[in-house]
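Report on the following structure.
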Amino acid sequence: MTTDSFAEQLLAWYDQHGRHNLPWHNNRTAYRVWVSEIMLQQTQVATVVPYYQAFMERFPNVEALAEAPVDDVLSYWSGLGYYARARNLQTAAQTVVEDFGGLFPETQEELEGLKGIGRSTAAAIIAQAFGKRAAILDGNVKRVLARYHAVPGWPGQTRVLNQLWEHAEAHTPDTRVRDYTQGIMDLGAMVCTRSRPACTDCPLQTGCKAYAREEIHLYPGSRPKKAKPEKTTWMLILEDKEGRVLLERRPPSGIWGGLWSLPEIDPAYGAEELQAACEHNLGLDCTEPELIRGFRHTFSHYHLHIQPARLSVAGEHTLRDNGQHKWLHRHEALSLGLPAPIRALLATPDQAILL
DNA sequence: TATGCGTGGGT
DNA sequence: TACCCAAGCAT
């Protein structure tokens, strides 16, 4: 495929207006590009930058990441969300060290074989790190292409997604792939934005079908609306005599998988049953619970009402430990990989409301 | 193939 | 306030 005018216009714009100094643009090793691409999945650049800097300082190369305790990796990911990315990142690092001698593979197929790397991320690594031709399709590119070609429908649908991939492949040039892939993402982030796009500044305006029809706002199609279910849960703040709090490691899958958090109790238990639940589930002898002001946390697919309850643990505790618990002072707990709302809860002084 | 997975920003 | 969505992938 020769460079069509789409790519030429885009590259000319990128040279003048694109972002050329993001942290992962310096010293573009496959490792550094890869970490940035994983962090940037569903996550905005401004959010990623400080995490990226700290992460690269602690895990400067793939070997350091491969051999680190998983708790270290998760603690550096704490607050970024989508924690499976962090677990997959370390798994993939171990694969690169053990199966590829510490060097990243350079083919689409081999890269996609690594945990957490899909079609678009593999392509981004190939283009950014190796300078070889590969088409990417992230949220920015989807928006640009959906508008440019007036592709109807929601990109979450496979049929729509496939059309966008075809356009992405068709426009990707043979030369300057690195700049092109960065450029089309920059255009989506800076000009072809979701709301109020700056079409007057757009290098692709003349060929843009949605612009010609004055229908920019129709593309890309929006996700079908769905009511978010409301869920509720108990979170226990169990304190011993020294003022330490009981932390519990969450199961490896599901929400906040693998993170340390507060012990969670099934909402089917009433407040008056929490004391018994502590004895039954954890083997702890507790005082009656004090309810702390609850709060609602919104996820992509549901709302979760988190109802904290504080209980004091009496005397010598005989915790039924399976390696998934630890007693820590609050300031120690905050250095763990905690879910954001739990971190906020522990950082705030309890405002107890007696039953 | 449709859904689950986090958090913060924009409107 | 409440909703939408963002440098997607795994299952």
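Proteins come first, then strands; the chains are lettered A, B, ... in the order of their sequence lines, and each starts at number 1. Just the heavy atoms: all of them, side chains too, but no hydrogens, waters or symmetry mates, feed the values below.
Here dG8(C) is the nucleotide among dG6(B), dC5(B), dG8(C) with the atom lying nearest to any side-chain atom of T121(A).
Taking atom P on both dT3(B) and dC5(C), the two are 15 Å apart, rounded to the nearest angstrom. Atom P of dG8(B) sits at a distance of 22 Å from the matching atom of dC9(C), rounded to the whole Å.
For W77(A) and dG6(B), the shortest distance from a side-chain N or O to OP1 or OP2 is not below 4.0 Å. Checking the phosphate oxygens (OP1, OP2) of dG6(B), no side-chain nitrogen or oxygen of R85(A) falls inside 4.0 Å. Not one side-chain nitrogen or oxygen of Y82(A) sits closer than 4.0 Å to the OP1 or OP2 atom of dG4(B). At the phosphate of dT11(C), OP1 or OP2 sits under 4.0 Å from a side-chain N or O atom of K115(A).
With W260(A) as the aromatic partner, R250(A) does not meet the cation-pi criteria of under 6.0 angstrom to the ring centre and within 45 degrees of the ring axis.
Between K226(A) atom NZ and dA2(C) atom C1' the separation is 19 Å, expressed in whole Å.
Comment: K132(A) engages E106(A) in a salt bridge, judged by a side-chain N to carboxylate O separation of less than 4.0 angstrom.
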Under-3.5 Å N/O pairs linking protein and nucleotides 8-11 of chain B:
| residue | atom | partner | partner atom | Å |
| --- | --- | --- | --- | --- |
| dT11(B) | OP1 | S195(A) | OG | 3.3 |

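Residue whose closest nucleotide on DNA chain C sits further toward the 5' end, between R296(A) and N88(A): R296(A).
Annotation: side chain of K209(A) is not in contact with side chain of Y148(A) (no heavy-atom distance under 4.5 Å). R147(A) is listed as a side-chain neighbour of P197(A), based on a closest heavy-atom distance under 4.5 Å.
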task: Check the pair R244(A) / E332(A) against salt bridge (charged side-chain N to carboxylate O under 4.0 Å, His left out), numbers first and verdict last.
output: CA-CA 9 Å; R244(A) 295 179 303 179; E332(A) 298 170 320; over 6 Å; no
